Amino acid sequence: MQNDLGNYRKAYEKSALMEGSISENPMELFQKWFYEVEASDGVDETNAMTLSTMGLDGFPKSRVVLLKKYTHEGFIFYTNYKSEKGRAIAENPNVCISFFWPNLERQVIIKGRANKIAENLSDGYFQSRPVGSQLGAIVSDQSSVIPSRDVLEEELKRLEKEFEGKEIERPEWWGGYLVAPVSMEFWQGRPNRLHDRIRFTLEGIDWKIERLAP
Ligand SMILES: Cc1cc2nc3c(=O)[nH]c(=O)nc-3n(C[C@H](O)[C@H](O)[C@H](O)COP(=O)(O)O)c2cc1C
């Protein structure tokens with residue numbers, strides 16, 4: 001079986017990223033790009049990002065998670081702390097997150113350190129979730145091997161009865177991570193493969209700004 005994709009080719013010409021038009025802080029540029037992507041039709045989940053961790057088996061692993069908040073401190077997502085990614089982060093908090101926004105021909109790659117956020121912040125977010133998502137998080141021992149889907153459905157039904165009309169507490173093994181960036185690279189597709197790449201690297205409290213060859 002083969003599928004030759006050699007002639008899949010796209011001309012990138014929607015925008016540019018020039019030194020004269022960027023702020024000194026990469027979070028501000030991230031916010032500007034995020035807003036622009038949101039405002040232009042075509043991306044379903046602007047906040048979907050690929051999170052890569054260094055696995056305990058020695059392999060990097062990437063998976064999509066949802067960005068739930070960003071501030072000057074970094075990027076917050078929520079997950080099961082006992083999942084494969086949770087166990088990887090406990091061993092090595094250095095992670096990479098990346099966004100691909102094809103509608104504006106943009107990519108952002110962020111290297112940073114992941115740390116659990118304060119418990120009260122995770123509590124607040126957990127309480128804001130729909131009941132179905134709260135119970136789903138409790139039912140799923142994320143990343144563990146299970147015998148069948150039925151096991152999940154039955155456990156969900158049981159918990160729906162148990163918690164009917166009651167407040168559901170966040171399990172202590174579920175919560176948020178903040179990824180504090182040390183490097184943020186912005187990629188803007190340009191014609192003739194001469195794309196713009198601007199990298200911000202944290203040096204002390206300042207960000208060094210460099211242009212990279214495409
Ligand atoms: C669009 C999308 C959004 C997702 N959002 C999350 C999320 O916010 N948190 C999460 O734990 N998993 C999320 N997942 C599932 C993860 O990709 C992954 O399957 C899960 O976290 C288990 O990963 P692990 O076994 O590597 O820990 C999402 C998947 C997709 C495709």
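In this text, all values refer to a predicted model and were calculated from it rather than measured experimentally. The analysis underlying the following values was restricted to heavy atoms, covering all of them including side chains, and did not include hydrogens, waters or symmetry mates.
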Atom of F200, atom of L29 and distance for their closest heavy-atom approach: CE1-CD2, 3.9 Å

Exercise: identify the closest heavy-atom pair between P191 and E13: CG-CB, 4.3 Å

Candidate pair E28 and K32, rule salt bridge (charged side-chain N to carboxylate O under 4.0 Å, His left out), full reasoning: CA-CA 6 Å; E28 278 159 29; K32 179 172 180 283; over 6 Å; no

Heavy-atom neighbours of K82 NZ exceed 12 at 6.0 Å: yes

Stacked cation flag K69 on F75, 6.0 angstrom / 45 deg: no

CZ (R113) with more than 12 external heavy atoms under 6.0 Å: no

side-chain contact (heavy atoms from CB on, under 4.5 Å) evaluation trace for M184 with K111: CA-CA 7 Å; M184 288 177 65; K111 291 181 190 171; over 6 Å; no

Derivation and outcome, ring pair (Phe, Tyr, Trp, His ring centres under 6.0 Å), residues F34 and Y70: CA-CA 11 Å; F34 195 90; Y70 61 92; 5.5 Å; yes

Side-chain (Y78) to main-chain (L66) donor-acceptor, under 3.5 angstrom: no

Neighbour count >12 (heavy atoms, 6.0 Å) for atom CD, E169: no

Between Q134 and R129: side-chain donor-acceptor atoms closer than 3.5 Å: no

Greater than 12 external heavy atoms within 6.0 Å of K157's NZ: no

Audit row: K10, E105, salt bridge (charged side-chain N to carboxylate O under 4.0 Å, His left out) steps and yes/no: CA-CA 10 Å; K10 187 174 149 83; E105 302 166 350; 3.3 Å; yes

